[in-house]
Amino acid sequence: MSEVLVLVEHVEGQIKKVTLELLTLARKLGAPSAVWTGPGYSAEAKAKLAEHGAEKIYVADSADITDYVVAPKVDLLAQLVSSASPAAVLVAATAEAKEIAGRLAVRTDSGVLTDVVGIEEGLVADQSIFGGGVNVRARVTKGLPIIAVRPNASPVEAAAGAGAEEQVSVAVSEASKAARVVERVKEEKGARPELTEAAIVVSGGRGVGSAENFSLIEKLADSLGAAVGASRAATDAGWYPHQFQVGQTGKTVSPQLYIAAGISGAIQHRAGMQTAKTIVAVNKDPEAPIFELADFGVVGDLNQVVPQLTEEIAKRK
Amino acid sequence: MNIVVCVKQVPDTATERKLRSDDKTLDRDAADGVINELCEYAVEEALLLKEAHGGEVTVLTMGPDKASDTIRKALAMGADKAVHLVDDALHGSDALGTSHAMAQALKKIGFDLVILGSESTDARTGVLAAMLAERLGVPQLTFAKKVEVDGSSIAVQRVTDYGYDKVEATLPAVVSVVEKINEPRYPSFKGIMAAKKKPVEKLGVADAGIDASQVGLANSWSEVVDFAAAPPRAAGTIVKDEGDGGVKAAEFLASKKFV
Ligand SMILES: Cc1cc2nc3c(=O)[nH]c(=O)nc-3n(C[C@H](O)[C@H](O)[C@H](O)COP(=O)(O)OP(=O)(O)OC[C@H]3O[C@@H](n4cnc5c(N)ncnc54)[C@H](O)[C@@H]3O)c2cc1C
């Protein structure tokens, strides 16, 4: 069986859920080979990858790989593509991994599909485009299929793989060292799950009214173990940081549950959230378009409804 | 500094967007064409850099004839001249074909800095800037929320999931910008009038040195097998808050096993 390369996403050694989703998908397509980049590899990481089906684990954990923007990871994957002749390469559809996929496609003269939500027999990929309005089935017709899969789009199922470890030394070319990362600045907002990976997202919009009042949204999120999101009206006003924006020009999320408070449901906001499994809306305007999407909606003032909901969830725990 | 800013015409996100049933490409006639919003931020950043460091701003677009509206918009904002890659042979090019065509045009124009929006609202692949950096063999400074040029050095703040990375490189380079990096200016009346007289060079596949076997739908690296409108969502339950809206919402969440 051919190998399927899976680029591992991790934060300082902590493997992200999307990687386990990709390994689960890869098992249907061939023998999953996890590709680890940058510092942080550990016995614990190895065990986790193997538990989810990695037959092989290629480890390139030198800092050289992550000290420069994108290109060294492309060098590494291109090297593995030529040595392992995989059937496909899977990456997460995050901003950076899509860039890696794009450059790898140029480098290996291969096709790339992004924003994939499922992969069928014969490497036909399901894509959700135009903000969830149209579903497309597409396939790569030249070269190696390089596929970027959205986080939260497919399930995680454990199944043991051999987890055979192979250290890879990659010669990072001078050209790939052209854009150097000199500092990483962390601007985290509490220890919440990451927006695109979270099973539950609670978002606030203009109706929240102020930066301080976003604490109502955060408290509800925390009662559910959820990530916090925001509409563009809220990020434009500076009430919440831009990286939490959901929508056409923000993040695309497809959680199990999306709660929208004080958000009207403009088409550009819907583009980022309408593939959520269940949608709950709180809005004082019964005509707000968000109610057209909602599985459950409350017409009312979020200043009353949201704290009461938070309290009620706490009671039920 | 010689800055080339790449802009794209896209269907207005406020209208219903469609694929064509004949060749399964974007239906550009079904919706109004507008400048991709993130491209306005790219144009603004190019103009700010020109104002600070001198030089010239060239607009580069690839698209059908009607994309000339988008070129005029960028020229009206203050760009100096434009190159329009327009050729039937380019229709249906995927990201690989588009990046090949744009890279060839950029080599022909020459540049110190190429600036793009980080993604377009229609395809949303977010890969073009990275592909251009790969093809041109220059540093990739993408998803920038801040750009600073000092002589031949360039530093950007690259947005990440956890905040941002400070990245440094030497020109020439490719930069892509995110929303909120600046506040794009509105074209003034004077700008709109002046734009009418600014030079727009039209280049076809052969003029730009584009390899015809790398572009167009038939030479694409991927194909659409089929497509369908997403099924509409089933209607939900909407209640009016009568002092118990939060409790009712909690009951709904409990019925779905979220609490
Ligand atoms: C190219 C382009 C890209 C865009 N990208 C994005 C994007 O990525 N993400 C995004 O979100 N938007 C995006 N937009 C903007 C989008 O069109 C809307 O302007 C935006 O989503 C509105 O945000 P909102 O719903 O918070 O605000 P509004 O539309 O102003 O809605 C606020 C809502 O809050 C309700 N409300 C007010 N007070 C209360 C209260 N006390 N209790 C309950 N409800 C209350 C109101 O009834 C109203 O429905 C984009 C626009 C364009 C043109």
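As a basis for the values below, the full set of heavy atoms in this structure was taken, side chains included, without hydrogen atoms, waters or symmetry mates.
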Could you tell me which portion of [X] (side chain, backbone, both or neither) has an atom closer than 4.5 angstrom to a non-hydrogen atom of chain B?
X         : result
Ala105(A) : both
Val280(A) : side chain
Val306(A) : neither
Glu96(A)  : both
Glu183(A) : both
Arg137(A) : both
Ser223(A) : neither
Ile267(A) : side chain
Asp236(A) : both
Ile100(A) : neither

Hey, is the main chain of [Y] close enough, under 3.5 Å, to the side chain of [X] for a donor-acceptor pair?
X         : Y         : answer
Gln308(A) : Gly243(B) : yes
Glu312(A) : Val247(B) : no
Arg184(A) : Gly163(B) : no
Ser222(B) : Thr141(A) : no

[atom1]-[atom2] distance between [X] and [Y], expressed to the nearest 0.5 angstrom:
X         : Y         : atom1 : atom2 : answer
Arg103(A) : Gln140(B) : CZ    : CD    : 5.0 Å
Leu38(B)  : Thr249(A) : CG    : OG1   : 6.0 Å
Thr15(B)  : Phe130(A) : OG1   : CZ    : 9.5 Å
Asp165(B) : Asp67(A)  : CG    : CG    : 10.5 Å
Lys166(B) : Arg180(A) : NZ    : CZ    : 15.0 Å

Residue part contacting chain A, namely of [X], when any heavy atom lies under 4.5 Å:
X         : answer
Lys248(B) : both
Lys24(B)  : neither
Glu251(B) : both
Ser220(B) : backbone
Ala229(B) : both
Ala173(B) : neither

Quick one: do Arg233(B) and Asp295(A) make a salt bridge, cutoff under 4.0 Å?
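Salt bridge between Arg233(B) and Asp295(A), a charged N being under 4.0 Å from a carboxylate O: yes.
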Do NZ/NE/NH1/NH2 and the carboxylate oxygens of Lys142(A) and Asp94(B) come within less than 4.0 Å?
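Not counted as a salt bridge, because no side-chain N and carboxylate O are separated by less than 4.0 Å.
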Quick one, [X] and [Y] - any side-chain contact, counting heavy atoms below 4.5 Å?
X         : Y         : result
Leu309(A) : Leu253(B) : yes
Ile200(A) : Phe258(B) : yes
Asp115(A) : Thr125(B) : no
Glu120(A) : Val225(B) : no
Glu99(A)  : Phe143(B) : yes
Val299(A) : Ile238(B) : yes
Thr278(A) : Phe252(B) : yes

Is it true that the side chains of Gln245(A) and Glu179(B) contain a donor and an acceptor less than 3.5 Å apart?
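A pair is found: one side chain offers a donor N or O, the other an acceptor, under 3.5 Å apart.
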Between Thr13(B) and Gln268(A), do the side chains contain an N or O donor and an N or O acceptor separated by less than 3.5 Å?
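The answer is yes; a qualifying pair exists.
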Out of Gln248(A), Gln256(A), Gln304(A), which one racks up the most heavy-atom pairs below 4.5 Å with chain B?
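Highest number of pairs under 4.5 Å: Gln248(A).
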Look at Ala228(B), Ala250(B), Gly126(B), Ala169(B) and state which one has the largest set of heavy-atom pairs under 4.5 Å with chain A.
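Greatest number of close heavy-atom pairs with chain A: Ala228(B).
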Output the option from Ile154(B), Thr142(B), Thr160(B) having the highest count of non-hydrogen pairs under 4.5 Å with chain A.
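Most pairs with chain A among the choices: Thr142(B).
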